[in-house]
2 protein chains.
Amino acid sequence: MSHPSPHPASSREKPFAPFVCFSIYAASLAFNRLYKQVLDRWGLTYPQYLVLVALREGDDRTVGELGELLFLESNTLTPLLKRMEAAGLVERRRDSADERVVRVQLSERGRTVADELTCVPGDMIAATGEDPEMLAHLPDLIASLDSLAAKLRHAAA
Amino acid sequence: MSHPSPHPASSREKPFAPFVCFSIYAASLAFNRLYKQVLDRWGLTYPQYLVLVALREGDDRTVGELGELLFLESNTLTPLLKRMEAAGLVERRRDSADERVVRVQLSERGRTVADELTCVPGDMIAATGEDPEMLAHLPDLIASLDSLAAKLRHAAA
DNA sequence: TGCGATTAGATCGCGCACGATTTATATTCC
DNA sequence: GGAATATAAATCGTGCGCGATCTAATCGCA
């Protein structure tokens, strides 16, 4: 063997065990897959769901404002919002005071769907078994992730 | 107003504050963006980086084994591995004992690159400022995320 | 007033991620 | 041995996510 492994045998089985990035990546994949099942009822994707929630909490936002909330750029949001518009969920129109900005509003159907979506977080918790031990630690988990993400964004800027 | 908000004003600014899923999503985006910068030196994407690390820790894996490690299916891995093969990083060949399975090995260049990648985790930590407080909590964070991801995968299955 | 700089979105190309389906090989069981 | 079944990977279509670039509208400032 010209390349003997300097690692214990278990590293062949769990080569990513010490990597936060991988745990976040894998958790993100897992979340997305479960969300697909839950959101399929409305034909929504996860980022589309986020847009509806954002607009429910405050309608008539600009593309840029949505981007700040979701950490996405116009190159991602523009086609996504066009698909949502085609699905009759939102309306897009240029701001008359500044023709550069596009304002996004919930349509009537969009508001109906957005209101129905209030049950989604509960559905997700129920689907994962609502372990009270885990639920109690979620605020800490969120705080750690948000702090880490802020550092990463700062480093990438 | 036909739809007065039942929420405090701050929910317009931070509508996703209480959602773990969103913190994970946002952290995953942030990680990916910083990784792009770091991996650009080798022309690698993050999942391609993961494949190289996996093969460095244990070469000659099947597509299915890689999928179990990375939580990906052949519909994602096959084109990804073909791009890596085209880039001269890996070799793909059918297993002679079972012609259904494809085995993936590091090429000579792939091994060189994989060895160079050992500096990547350190580069990432350095780029984010290596806060000792945060580093100390990473094992807990990883454990929480892995446990959550396992529950999500179980629920989605 | 006018022109360079800035800003908001849109467009394009590429690489994931994944549901659904297909192809090819192995296995099972009679 | 041969048909039904199972398994591994590949293929196809769609929707993100993002770097790079473009267009159009606004702002700044002499």
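All values derive from a computational prediction rather than experimental measurement. Lettering follows sequence order; numbering is per chain, from 1.
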Could you give the CG-to-P distance, from B:L80 to D:dA9, as a whole number of Å? 15 Å

Say whether A:Q105 and A:R92, considering side chains only, have a donor N or O and an acceptor N or O under 3.5 Å apart. no

Which heavy atom in B:R12 sits nearest to a heavy atom in B:P15, and how many Å separate them? O-CD, 3.9 Å

For DNA chain C, the residues among residues 32-51 of chain B that have a non-hydrogen atom under 4.0 Å from it: B:T45, B:P47, B:Q48

Could you list, one pair per line, each protein nitrogen or oxygen that sits under 3.5 Å from a nitrogen or oxygen of nucleotides 20-28 of chain D, together with the distance?
unit_1	atom_1	unit_2	atom_2	d
D:dT26	OP1	A:E99	N	3.2

Would you please indicate if the ring centroids of B:Y46 and A:Y25 are separated by under 6.0 Å? yes

Shortest non-hydrogen contact from B:Q37 toward A:A155: OE1-O, 4.4 Å

Grab the CZ-P distance between B:R94 and C:dA24 for me, whole Å please. 10 Å

Could you tell me whether the phosphate oxygens of C:dG9, OP1 or OP2, come under 4.0 Å of any side-chain nitrogen or oxygen in A:K82? no

D:dG17 C1' sits how many Å from A:L81 CG, rounded? 14 Å

Just to be sure I understand the rule, does B:R92 reach a base, reach only the sugar-phosphate, or reach nothing, if contact means heavy atoms closer than 4.0 Å? sugar-phosphate

On DNA chain C, nearest-nucleotide positions of A:A30 versus A:L77: which is more 5'? A:L77

Along DNA chain D (nearest heavy atom to each residue), the more 5'-positioned of A:F71 and B:T78: B:T78

Can you check whether B:R83 has a side-chain N or O nearer than 4.0 Å to OP1 or OP2 of C:dC16? yes

A:S74 and A:P79 have their tightest heavy-atom pair at O-CD, 3.9 Å

Tell me what B:L72 touches on the nucleic acid: a base, only sugar-phosphate, or nothing, going by heavy atoms under 4.0 Å. sugar-phosphate

In one Ile/Leu/Val/Met/Phe/Trp/Tyr side-chain cluster, 4.5 Å: B:F71, B:L29: yes

Give me the atom names and distance for the closest heavy-atom approach of A:L55 to A:D60. CD2-N, 4.2 Å

B:L148 side chain reached by B:I24 side chain, heavy atoms, under 4.5 Å: yes

Test B:R56 against B:D115 for salt bridge (Lys or Arg N to Asp or Glu O under 4.0 Å), laying out the working first. CA-CA 8 Å; B:R56 188 186 63 208; B:D115 287 341; 5.2 Å; no

I need the CD-P distance between B:E73 and D:dT11, as an integer number of Å. 16 Å

Are more than 12 heavy atoms from other residues, nucleotides or ligands located less than 6.0 Å from atom CD of A:E85? yes

Would you kindly give the CZ-to-C1' distance between B:F31 and C:dC16, to the nearest whole Å? 18 Å

Rounded distance [0.5 Å steps], CE in A:M84 versus OG1 in A:T45: 7.5 Å

Set out, in order, the CA-CA distance, both residues' side-chain angles and the distance that settles side-chain contact (heavy atoms from CB on, under 4.5 Å) for B:R111 and B:S107, then state yes or no. CA-CA 6 Å; B:R111 181 163 298 279; B:S107 67; over 6 Å; no

Counting any heavy atom closer than 4.0 Å, what does B:L29 reach on the DNA or RNA strands: base, sugar-phosphate only, or nothing? sugar-phosphate

Short of 4.0 Å, heavy atom to strand atom, which residues of residues 19-27 of chain B count as contacting DNA chain C? none

